[in-house]
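Following: one structure in structure tokens, then a few remarks.
Being a predicted model, the structure only gives us computed values, none of them experimental. Note that these values count all heavy atoms, side chains included, but never hydrogens, waters or copies made by symmetry.
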Amino acid sequence: MATPSRPAGTSKRPFAVDDILRWKVAGAPALSPDGARIVCPVTIVDESANGYQTHLWIAPVPAGPADKAAPRQLTTARARDIAPRWSPDGGRIAFVSDRGGTKQIWLIPADGGEARALTSGSLAPAELAWSPDGSAIAFTGKPDANDRGEQSDVRVISRLHYKQDGEGFWDGRWKQIFVVSASGGDAHQVTQGEYDHTAPAWSPDGALLAYTGNASPDADLDERNDLWIIRADGAGSPRRLTRTVGAVESPAWSPDGGRIAYFGHDNACGGATLARVWVAAVDGGEPACVTAGYEGSVGHHIGTDVRSQPGPGGLTWSPRGDRIYCLTTEGGNCQIASLSPVDGAVRLETAGDHDLIGCSLDATARRVACVETDPLTPGEVAVADLGGGGPVAFRRLSAWNAPLVEALALARPERFEYKTPDGYVFDGWVMKPAAAAGARRVPAVLEIHGGPHGAYGHAFSNQFQLLCAAGYGVVYANPRGSHGYSQAFLAATHHDWGGGDYEDLMGALDRALAIHEWIDPDRLGVCGGSYGGYMTNWMVGHTQRFRAGVTLRSTCNRYNHWGTGDIAYHGARWEFPGPPWESPEFYLERSPITYVRQMKTPLLILHGESDLRCSIEQAEQLFVALRRQGTPTLFVRFPGESHGMSSSGQPRHRTEEMRHLLGWFHTYLGASAPNGRAREAKE
């Protein structure tokens, strides 16, 4: 099959499928306490192993914008070295590594040298936190379960949340908080109890640890959590500071040790409740929601296929305790914000059209480090100096991906706004391929994000760039249910999947067609993953406007998905009206497979066989139904892959997934796609 020609007047080449494996993907960085250096995990593909390696890099922070200092690689083991944390004196870096075959905590001098293991055994450490004096590290780990007698491969299930996508089946071990000396030795278990204890955070004097967890026997019924404190030596009983009403995560102590800030919500709209910043007094009293009046989405919410969904970025107090710093998502941008713990007033500290990964401040809270990504860059480590009287821009300190970026002809999105008939306003984007030169009209693909409470934004997408390189326009938008707009907008999918969200997407598509006359309205495709896959299935059952569709890791039958997805039953609290047996007609009405007779659009189904979020039986149902009635369809199964395959699956599976996707659209939309697949559907 012919490869698209290079755009006229440029020496750059089109983005190719194999290029998605050439990126150096930077994870959340950590800024040294003095603000002079950044440690950042960088992931590369290990082609021979069909896997990945992650190494730690040190990036010096130059004194001024004109100064230059190249990052240097700190670790080189053929392993995954992740989650680096600076010691309080800045002399050592703790991290988690699977070198040696099991995940352990390792310690390395910040100036380089040999790393040494601090832990051993099967604890599987995570969420590292240095004590204020640098003498110990707290972490979450799993102690060995009690002896269960004769070993067997038979699984006896008693817990409701018995499986987790990406992790597999529950192993019978609860996460506990441990403390290990920075000099080595046995780790001391601090917490007890049959529930998961997560997110340890030291009090400023090192005497106490805060953590999150739900001690209720019915904890698996929802996603509520509580904030707890316990003595760091494990003596005595833990004390609960919250009331088990909603989410609690990322606890952070105030400098005086009297308050703890955290991300949380009151569960008013279930999983569609806007997370806000709360503050709890350590000596008791009602926790206060300090950002109740803020309609942005604190934390990180923009999704892409470059990396797995990052964490919320955490909370950091200023040394005086008068500001709290965090990430926030507004529209299609992620920014650093600060807020007053007294009145909750939020101030954006950074500016720019970008997505940010991580939020690490120095000891003075005057400098912040992130990974900055935008639609033309998959991410480089960057810093910003705060306190200049207004939002500031980041300056990038690395250029790991510059050689590849400079060699490629990448498409730049153009933003537009869409106002719904009922008054919501949200963002959309259009990416124009080089093939749309002059008066030529080209096909385009409507892309739909997951969630439904995810969001698109100013971030890099492999799939979007590949579609553009193959000659397709790309249209994408943030319909109701997306983060970054308001609580009402986020919660507007209430009992309405396939309703207002469908109208939003179709309206945004029509708006894009009106603005961009180069899009051929008679050659449109639709594509999405997870909830985006659900909406793809829904659309081809409700309109004949699309000539081809690709559905990834999707659902089609919401009735039986309720009991087969690892967390699907949580959706019954807000998205759907109770469990299926209480509202069977509603579940069937909002299941795409109910409308299979109207599904005439050729549909490619891509699904991981180990997907526990959206079980592969959903794909099996849809394929059999479509094949049975003669709709052109192809079902591609990926062994061993979970829900996150597109961003973190086996490299060879990721490239094959994209080749099938491009080949399908080439077959039914007619643009020239390189290395296409999926022609089997015509047989």
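- Considering every non-hydrogen atom in both V475 and V430, the closest pair reads CG2-CG2, 4.2 Å.
- A heavy-atom distance below 4.5 Å is found between the side chains of H494 and W574.
- Taking both residues in full, the closest heavy atoms of A435 and G471 are given as CB-CA, 4.1 Å, listed atom of the first, atom of the second, then distance.
- With no hydrogens or angles considered, no side-chain donor-acceptor pair links S615 and T564 at under 3.5 Å.
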ring-ring contact (aromatic ring centres under 6.0 Å, His included) between F464 and Y456, intermediate numbers included: CA-CA 12 Å; F464 295 2; Y456 282 139; 5.5 Å; yes
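- With no hydrogens or angles considered, a side-chain donor-acceptor pair links H354 and Q335 at under 3.5 Å.
- Side chains of D355 and N333: no donor on one and acceptor on the other come within 3.5 Å.
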Go through L603 and L622 one step at a time and tell me if the side chain to side chain contact (heavy atoms under 4.5 Å, CB included) criterion holds. CA-CA 10 Å; L603 189 65; L622 185 59; 3.8 Å; yes
Can you list the steps and then say if F638 with H607 is a ring-ring contact (aromatic ring centres under 6.0 Å, His included)? CA-CA 6 Å; F638 295 87; H607 215 107; 9.6 Å; no
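- Looking only at atom types and distance, the side chain of N560 has a donor-acceptor partner in the side chain of Q618 under 3.5 Å away.
- Not a single donor-acceptor pair under 3.5 Å links the side chain of E249 to the backbone N or O of P312.
- Aromatic ring orientation, H542 versus Y502: tilted (interplanar angle from 30° to 60°).
- Look at R652 and E47 and you find no salt bridge, because none of the NZ, NE, NH1 or NH2 atoms lies under 4.0 Å from a carboxylate O.
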Derivation of the side chain to side chain contact (heavy atoms under 4.5 Å, CB included) call for S461 and L466: CA-CA 9 Å; S461 169; L466 284 171; over 6 Å; no
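- Contact check for T329 versus I302: side-chain heavy atoms found under the 4.5 Å cut-off.
- H643 pairs by the side-chain hydrogen bond (donor to acceptor under 3.5 Å, both in side chains) definition with S530, D611, not counting sequence neighbours.
- Not one N or O on the side chain of Y418 forms a donor-acceptor pair closer than 3.5 Å with the backbone of D504.
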Please determine whether side chain to side chain contact (heavy atoms under 4.5 Å, CB included) holds for the pair L376 and F460, giving the CA-CA distance in whole Å, both sets of side-chain angles, and the decisive distance to 0.1 Å. CA-CA 6 Å; L376 301 181; F460 191 91; 5.5 Å; no
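- With hydrogens and angles disregarded, no donor-acceptor distance shorter than 3.5 Å links the side chain of E417 to the backbone of V425.
- Panel note: side chain T377, backbone D374; no donor-acceptor pair is recorded below 3.5 Å.
- Side-chain contact, T493 with E575: a donor N or O sits under 3.5 Å from an acceptor N or O.
- Among R553, H653, E641, Q463, the single residue meeting the side chain to side chain donor-acceptor pair (under 3.5 Å) criterion with S646 is R553.
- Ring orientation note: the planes of H458 and W429 are nearly perpendicular, at an angle over 60° on the 30°/60° scale.
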For W497 and Y534, run ring-ring contact (aromatic ring centres under 6.0 Å, His included): C-alpha distance rounded to whole Å, both residues' side-chain angles, the deciding distance at 0.1 Å, then the answer. CA-CA 9 Å; W497 282 33; Y534 164 92; 5.0 Å; yes
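- Between D19 and R13, at least one side-chain N (NZ, or NE/NH1/NH2) sits under 4.0 Å from a carboxylate O, which counts as a salt bridge.
- Between Y559 and Y587, the ring planes lie perpendicular to each other; the angle is over 60°, past the 30° to 60° tilted range.
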Verdict with reasoning, R637 to E620, per salt bridge (charged side-chain N to carboxylate O under 4.0 Å, His left out): CA-CA 10 Å; R637 304 168 62 112; E620 292 169 338; 2.8 Å; yes
One pair to check against side chain to side chain donor-acceptor pair (under 3.5 Å): Y485 and D427. What are the steps and the verdict? CA-CA 10 Å; Y485 298 90; D427 296 295; 2.7 Å; yes
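- In this structure, Y668 contributes its side chain and T601 its backbone to no donor-acceptor pair below 3.5 Å.
- Salt-bridge annotation for D18 and R659: present, with a side-chain N of the basic residue lying under 4.0 Å from a carboxylate O of the acidic one.
- With R307 contributing its side chain and V25 its backbone, the two residues share no donor-acceptor pair below 3.5 Å.
- Between F546 and M539 there is a side-chain heavy-atom pair separated by less than 4.5 Å.
- Taking every heavy atom of both residues into account, P479 and H449 meet most closely at CD-NE2, 4.0 Å.
- Counted by atom type alone, W23 and N462 present one or more donor-acceptor pairs between their side chains at under 3.5 Å.
- Side-chain contact between L160 and Y162 is absent, with no heavy atoms from C-beta onward closer than 4.5 Å.
- In the displayed structure, E582 atom CD is contacted under 6.0 Å by more than 12 heavy atoms of other residues, nucleotides or ligands.
- Ring planes of H301 and H483: parallel class, angle under 30° (limits at 30 and 60°).
- By the 6.0 Å contact criterion, NZ on K24 is open, its count of non-hydrogen atoms from other residues, nucleotides or ligands being 12 or less.
- A 4.5 Å side-chain heavy-atom check between E447 and L467 finds at least one atom pair inside the cut-off.
- With no hydrogens or angles considered, a side-chain donor-acceptor pair links Y294 and E330 at under 3.5 Å.
- Checking side-chain atoms of T594 against main-chain N and O of S591 turns up a donor-acceptor pair under 3.5 Å.
- In this model, no donor atom of one side chain and acceptor atom of the other lie less than 3.5 Å apart for Y52 and S648.
- Side-chain atoms of H666 and L662, non-hydrogen and from C-beta on, never get closer than 4.5 Å to each other.
- By the 4.0 Å N-to-carboxylate-O rule, R590 lies close enough to D496 to be salt-bridged with it.
- Here the CG atom belonging to L606 is positioned 5.5 Å from the CD atom belonging to E657, to the nearest 0.5 angstrom.
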Could you walk me through whether N267 and E223 satisfy the side chain to side chain contact (heavy atoms under 4.5 Å, CB included) test, starting with their C-alpha distance in whole Å, then the side-chain angles of each, then the deciding distance to 0.1 Å, before giving a yes or no? CA-CA 9 Å; N267 219 25; E223 296 178 290; over 6 Å; no
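- A 4.5 Å side-chain heavy-atom check between E295 and Q487 finds at least one atom pair inside the cut-off.
- In this structure a side-chain-to-backbone donor-acceptor pair under 3.5 Å is missing from D305 to S647.
- With a 4.5 Å cut-off on side-chain heavy atoms, L626 and V596 count as touching.
- The main-chain N or O of V540 is never found under 3.5 Å from a side-chain atom of Y595 such that the two would form a donor-acceptor pair.
- Side-chain contact check for T555 and R558: at least one donor-acceptor pair (N or O, by modelled atom type) lies under 3.5 Å.
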Checking Q164 against H161 for the side chain to side chain donor-acceptor pair (under 3.5 Å) test, could you report, in this order, the C-alpha distance in whole Å, the side-chain angles of both residues, the deciding distance, and whether it holds? CA-CA 8 Å; Q164 179 72 28; H161 188 63; 2.6 Å; yes
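- With respect to D510 and R545, a salt bridge is recorded, a charged nitrogen being found less than 4.0 Å from a carboxylate O.
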Side chain to side chain donor-acceptor pair (under 3.5 Å) evaluation trace for T551 with N537: CA-CA 7 Å; T551 185; N537 300 338; 3.0 Å; yes
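- One N or O on the side chain of S583 and one on the backbone of P577 form a donor-acceptor pair closer than 3.5 Å.
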